[in-house]
Visitor: 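My questions all concern the structure below.
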Amino acid sequence: MLKAVILIGGPQKGTRFRPLSFEVPKPLFPVAGVPMLQHHIEACVKVPNLKEILLIGFYQPNEELNRFLFNAQQEFKMSIRYLQEFAALGTGGGIYHFRDQILSGSPEAFFVLNADVCSAFPLTEMLNFQKEHGEPSSFVILGTTANRKQSMNYGCIVENEQTNEVLHYVEKPSTFVSDIINCGIYLFNPEIFQHIGAVFQKNQQDMLLYPYDGEEPTNGWQRAEAIRLEQDIFTALAGQGKLYVYKTLSFWSQIKSAGSAIYASRLYLNQYHTTHSERLAPNKEGGPKITGNVYIHPTANIDPTAVLGPNVSIGTGVTIGAGVRVRESIILHGANLQDQCCVLNSIVGWDSTIGKWARVEGTPSDPNPNDPFAKIDSETLFRDGKLTPSITILGCNVTIPSEVIILNSIVLPHKDLNRGFKNQIIL
């Protein structure tokens, strides 16, 4: 029997995802028409003998999360539960804290997936790889190849090329270590908890020796329990014959900033050709002109003269007027795009309105298309005191007047704009 654990973080995380994470927890943000987490769950459900999915994070259980869990359980006929941490415990601390829940029913192994990655999730391949490599008690990290410069922004893995054993693991090194990077998707067995437990004991002892680390003495327990899989566990396990890397050639990207959601959307829409062709809008008589991959929710109302695509997803209850052009964008539920407006490289927030003949445009933050190993850069918001040109984001309930241009800007929720803006954050 197998299980899967998805680490969903909490409201203090995902700050680079604002203003979109104000309205909905980041893991539920729709990417290619379905909540980000649903892609993970769909992949887990396909694994034979996987019986339960646990979400671990420190979001307060809220209506959206509960509704998502309820719907997912109904749809996938599987136990999907949310376990709430009392504080941010790190990637290792969370699974250690809930080890009893993970181990109940005694699974032979369990997957751990980070919620903010977009991937083809080759979980069955990782299982087969584990059976072929190393002893049954070995652990597997999913890896992929990055280019030399970008690899230093990730966890880097040095492998034995014959056996694929991880010999050396460094999280975000300051100089080049390896171009194989950690994808944030792991296959563990119950023995991992002995290794995490050893770190927990050591943290507790350190705190007895050095109780006042400039922090209040009251949160000591929390400090002992905050354990990072990457720095605290993998670095120590590397080179001991326990840790292996399965390198995937299929797509993978992080979803850190809102701009990377559009790129992730493109990767998933492309994958729908093989996994969910029913989610891709066809060109049909009397319907809008579709170029490339487009997802349209059945409740959206779209004028037949509109032109959509490539890489567009349209949410529930969206209205799109005559002659509208949308490309490389995500239009969230209830938005209204009036006649002849143009939306490029943008995310249009829930219930927002774009006036007639207005143009809302951003700058794509895609990886270099000429480098097969390039990843998306998680750009800082500002560079040299100026806003880095990025996709345009309209928060929820923003109104853009007719005949203006909004370029490379971020508009916070509930704004009625009365003119055009470029390269600005509109508070």
Visitor: Would you say I196 and L229 make side-chain contact, with heavy atoms under 4.5 Å?
Guide: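 Yes; the side chains approach each other to less than 4.5 Å.
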Visitor: Please determine whether salt bridge (Lys or Arg N to Asp or Glu O under 4.0 Å) holds for the pair K242 and E191, giving the CA-CA distance in whole Å, both sets of side-chain angles, and the decisive distance to 0.1 Å.
Guide: CA-CA 10 Å; K242 286 254 175 261; E191 205 187 295; 3.4 Å; yes
Visitor: Calculate, to the nearest 0.5 Å, the distance between atoms OH and CD1 belonging to Y96 and I192 respectively.
Guide: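 That separation rounds to 12.0 Å.
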Visitor: Side-chain donor-acceptor pair under 3.5 Å between N160 and E165, yes or no?
Guide: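 Judged by distance alone, the side chains do not pair up.
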Visitor: Please find the pair of heavy atoms, one from S390 and one from N408, that lie closest to each other, and give the distance.
Guide: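 Smallest interatomic distance, heavy atoms only, reads O-OD1, 3.4 Å.
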Visitor: Do N147 and Q150 pair up side chain to side chain, a donor and an acceptor below 3.5 Å, judged on atom types alone?
Guide: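 Indeed, the side chains of N147 and Q150 share at least one donor-acceptor pair under 3.5 Å.
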Visitor: Report the distance from atom OG of S119 to atom CG of L113, rounding to the nearest 0.5 Å.
Guide: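 Going from the OG atom of S119 to the CG atom of L113 covers 8.5 Å.
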Visitor: Apply the test salt bridge (Lys or Arg N to Asp or Glu O under 4.0 Å) to residues E42 and K46: give CA-CA distance (whole Å), side-chain angles for both, the deciding distance (0.1 Å), then the verdict.
Guide: CA-CA 7 Å; E42 286 174 359; K46 287 182 186 148; 6.0 Å; no
Visitor: For the pair S104 (side chain) and I102 (backbone), establish whether a donor and an acceptor sit closer than 3.5 Å, ignoring hydrogens and angles.
Guide: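 It does not hold such a pair.
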Visitor: Is there a side-chain contact between F188 and V112 in this structure, where contact means two heavy atoms from C-beta onward sitting under 4.5 Å apart?
Guide: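 Yes, close enough: below the 4.5 Å cut-off.
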Visitor: Measure the spacing between OH of Y59 and CD of E64 and express it to the nearest 0.5 Å.
Guide: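 The OH atom of Y59 sits 10.5 Å away from the CD atom of E64.
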Visitor: Report yes or no: does Q201 contribute a side-chain atom to a donor-acceptor pair with the main-chain N or O of G197 at less than 3.5 Å?
Guide: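 Not a single qualifying donor-acceptor pair exists.
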Visitor: Nearest 0.5 angstrom please: L237 CG to Y244 OH, how far?
Guide: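 Taking CG in L237 and OH in Y244, the distance rounds to 12.0 Å.
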Visitor: Does any non-hydrogen side-chain atom of M78 lie less than 4.5 Å from one of I53?
Guide: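 Contact flag for I53/M78 side chains = yes.
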Visitor: Do V158 and S178 have side chains that approach each other closer than 4.5 Å (heavy atoms only, starting at C-beta)?
Guide: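 Side-chain contact under 4.5 Å: yes.
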Visitor: Using modelled atom types and a 3.5 Å cut-off, is there a donor and acceptor pairing between side-chain atoms of T291 and backbone atoms of G309?
Guide: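 Yes, the answer is positive, given that a donor and an acceptor are paired below the 3.5 Å cut-off.
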Visitor: From the options I406, I354, L308, select the one residue that forms a side-chain contact (heavy atoms from CB on, under 4.5 Å) with V343.
Guide: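 Single side-chain contact (heavy atoms from CB on, under 4.5 Å) partner of V343 among I406, I354, L308: I354.
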Visitor: Which heavy atom in A300 sits nearest to a heavy atom in G315, and how many Å separate them?
Guide: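 Taking A300 first and G315 second, the nearest heavy atoms are CB-O, 3.9 Å.
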Visitor: Looking at F176, is R148 sitting on its ring face, NZ or CZ under 6.0 Å from the six-membered ring centre and within 45 degrees of the normal?
Guide: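 Yes.
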Visitor: Here's one to test your reading of the geometry: is the NZ or CZ of R99 within 45 degrees of the ring axis of F193 and under 6.0 Å from its centre?
Guide: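 Cation-pi check for R99 and F193: fails.
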Visitor: Should we say atom CZ of R81 is surrounded by more than 12 heavy atoms from elsewhere, each under 6.0 Å from it?
Guide: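 Atom CZ in R81 is packed in, count exceeds 12.
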Visitor: Could you tell me if the side chain of V411 sits less than 4.5 Å from the side chain of I393, heavy atoms only?
Guide: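 Side-chain contact under 4.5 Å: no.
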Visitor: State the OG-CZ distance between S265 and F29, to the nearest 0.5 angstrom.
Guide: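 The distance works out to 8.5 Å.
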Visitor: For R327, does the CZ atom have more than 12 heavy-atom neighbours from other residues, nucleotides or ligands under 6.0 Å away?
Guide: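 No, because the 6.0 Å sphere around CZ of R327 holds 12 heavy atoms or fewer from other groups.
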Visitor: Rounded to the nearest 0.5 Å, how far apart are CG of N336 and CD1 of I331?
Guide: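 Between N336 CG and I331 CD1, I get 11.0 Å after rounding to 0.5 Å.
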Visitor: Is the CD1 atom of I405 crowded by more than 12 outside heavy atoms at less than 6.0 Å?
Guide: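 Check fails, neighbour count at 12 or below.
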Visitor: Apply the test salt bridge (Lys or Arg N to Asp or Glu O under 4.0 Å) to residues R266 and E328: give CA-CA distance (whole Å), side-chain angles for both, the deciding distance (0.1 Å), then the verdict.
Guide: CA-CA 8 Å; R266 174 170 344 140; E328 296 283 342; 3.1 Å; yes
Visitor: Between I255 and S260, which heavy-atom pair has the shortest distance, and what is it?
Guide: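 Nearest pair, atom of I255 first, then S260: CA-OG, 3.5 Å.
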Visitor: Test side-chain contact (heavy atoms from CB on, under 4.5 Å) on V34 and H39 and set out the steps.
Guide: CA-CA 8 Å; V34 300; H39 296 286; 3.4 Å; yes
Visitor: Grab the two heavy atoms, one from A358 and one from I400, that are nearest each other, plus how far apart they are.
Guide: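 Smallest heavy-atom distance, with atoms named: CB-CG2, 4.2 Å.
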Visitor: Would you check if the side chain of T275 reaches a backbone N or O of Q271 as a donor-acceptor pair within less than 3.5 Å?
Guide: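 Yes, because the side chain of T275 sits within donor-acceptor range (under 3.5 Å) of the backbone of Q271.
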Visitor: Considering all heavy atoms of both residues, which atom of A43 and which atom of F121 are nearest to each other, and what is their separation?
Guide: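 Nearest heavy atoms, A43 then F121: CB-CB, 3.5 Å.
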Visitor: Does a donor on one side chain and an acceptor on the other come within less than 3.5 Å for Y169 and N182?
Guide: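 Side-chain D/A pair, Y169 to N182: present.
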Visitor: Please determine if R67 forms a cation-pi arrangement with F70, meaning its NZ or CZ atom is less than 6.0 Å from the six-membered ring centre and no more than 45° off the ring axis.
Guide: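 The answer is no, since R67 fails at least one limit relative to F70.
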Visitor: So does Q74 have more than 12 non-hydrogen atoms from other groups sitting under 6.0 Å from CD?
Guide: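 Enclosed.
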Visitor: Could you go step by step and tell me if Y272 and R279 meet the side-chain hydrogen bond (donor to acceptor under 3.5 Å, both in side chains) rule?
Guide: CA-CA 7 Å; Y272 284 170; R279 288 183 187 164; 3.3 Å; yes
Visitor: Take V245 and I180, measure what side-chain contact (heavy atoms from CB on, under 4.5 Å) needs, and give me the verdict at the end.
Guide: CA-CA 9 Å; V245 56; I180 301 170; 4.3 Å; yes
Visitor: Is there a donor-acceptor pair under 3.5 Å between the side chain of T235 and the backbone N or O of D232?
Guide: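 Such a contact is absent between T235 side chain and D232 backbone.
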Visitor: So that I can tick it off, tell me whether K172 and E230 are bridged by a salt bridge, with the cut-off set at under 4.0 angstrom between side-chain N and carboxylate O.
Guide: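 Salt bridge between E230 and K172, a charged N being under 4.0 Å from a carboxylate O: no.
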Visitor: Please tell me if the side chains of L187 and L127 come closer than 4.5 Å, counting only heavy atoms from C-beta onward.
Guide: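 They are in side-chain contact.
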Visitor: Any non-hydrogen side-chain atom of L267 less than 4.5 Å from a side-chain atom of S253?
Guide: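 Sidechains of S253 and L267: in contact.
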Visitor: Is there a donor-acceptor pair under 3.5 Å between the side chain of T124 and the backbone N or O of V47?
Guide: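 No.
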Visitor: Under a 4.5 Å cut-off applied to non-hydrogen side-chain atoms, are M126 and L142 in contact?
Guide: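 With C-beta onward as the side chain, the pair touches.
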Visitor: H276 side chain to E278 main-chain N or O, any donor-acceptor pair under 3.5 Å?
Guide: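 No; zero donor-acceptor contacts below 3.5 Å.
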Visitor: Judged by atom type as modelled, is there a donor-acceptor pair below 3.5 Å linking the side chain of S151 to the main-chain atoms of A146?
Guide: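 Judged by distance alone, no pair lies under 3.5 Å.
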Visitor: Let me see the working for H333 and D351 under side-chain contact (heavy atoms from CB on, under 4.5 Å), right down to the final yes or no.
Guide: CA-CA 6 Å; H333 77 72; D351 300 317; 4.3 Å; yes
Visitor: Could you tell me whether F234 and Y186 have their ring centroids closer than 6.0 angstrom?
Guide: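 F234 vs Y186: aromatic centres under 6.0 Å.
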Visitor: Strictly under 6.0 Å, is that where the ring centroids of F111 and F139 end up?
Guide: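 Ring centres of F139 and F111 not closer than 6.0 Å.
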Visitor: Go through the steps to decide whether L280 and L269 satisfy the test side-chain contact (heavy atoms from CB on, under 4.5 Å), and finish with yes or no.
Guide: CA-CA 7 Å; L280 293 171; L269 285 170; 4.1 Å; yes
Visitor: Any side-chain to backbone donor/acceptor pair from S409 onto L407? Under 3.5 Å, distance only.
Guide: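 Indeed, once roles are kept as given, a pair shorter than 3.5 Å links the two residues.
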Visitor: Does D179 offer a backbone N or O that forms a donor-acceptor pair with the side chain of T145 under 3.5 Å?
Guide: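 Looks like no, no N/O pair under 3.5 Å.
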Visitor: To check you understand the geometry: which heavy-atom pair defines the closest contact between T248 and T144, and what is its length?
Guide: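 Heavy atoms of T248 and T144 come nearest at O-OG1, 3.5 Å.
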Visitor: I would like to know whether R228 and E171 meet salt bridge (Lys or Arg N to Asp or Glu O under 4.0 Å); could you show each step before the answer?
Guide: CA-CA 10 Å; R228 303 160 307 183; E171 185 66 27; over 6 Å; no
Visitor: Testing N345, I262, N293 one by one against N311 for a side-chain contact (heavy atoms from CB on, under 4.5 Å), which residue passes?
Guide: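 So, applying the side-chain contact (heavy atoms from CB on, under 4.5 Å) to N311 and each of N345, I262, N293, only I262 qualifies.
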Visitor: Below 6.0 angstrom between ring centroids: does that apply to W252 and Y268?
Guide: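 So the answer is no for these two rings.
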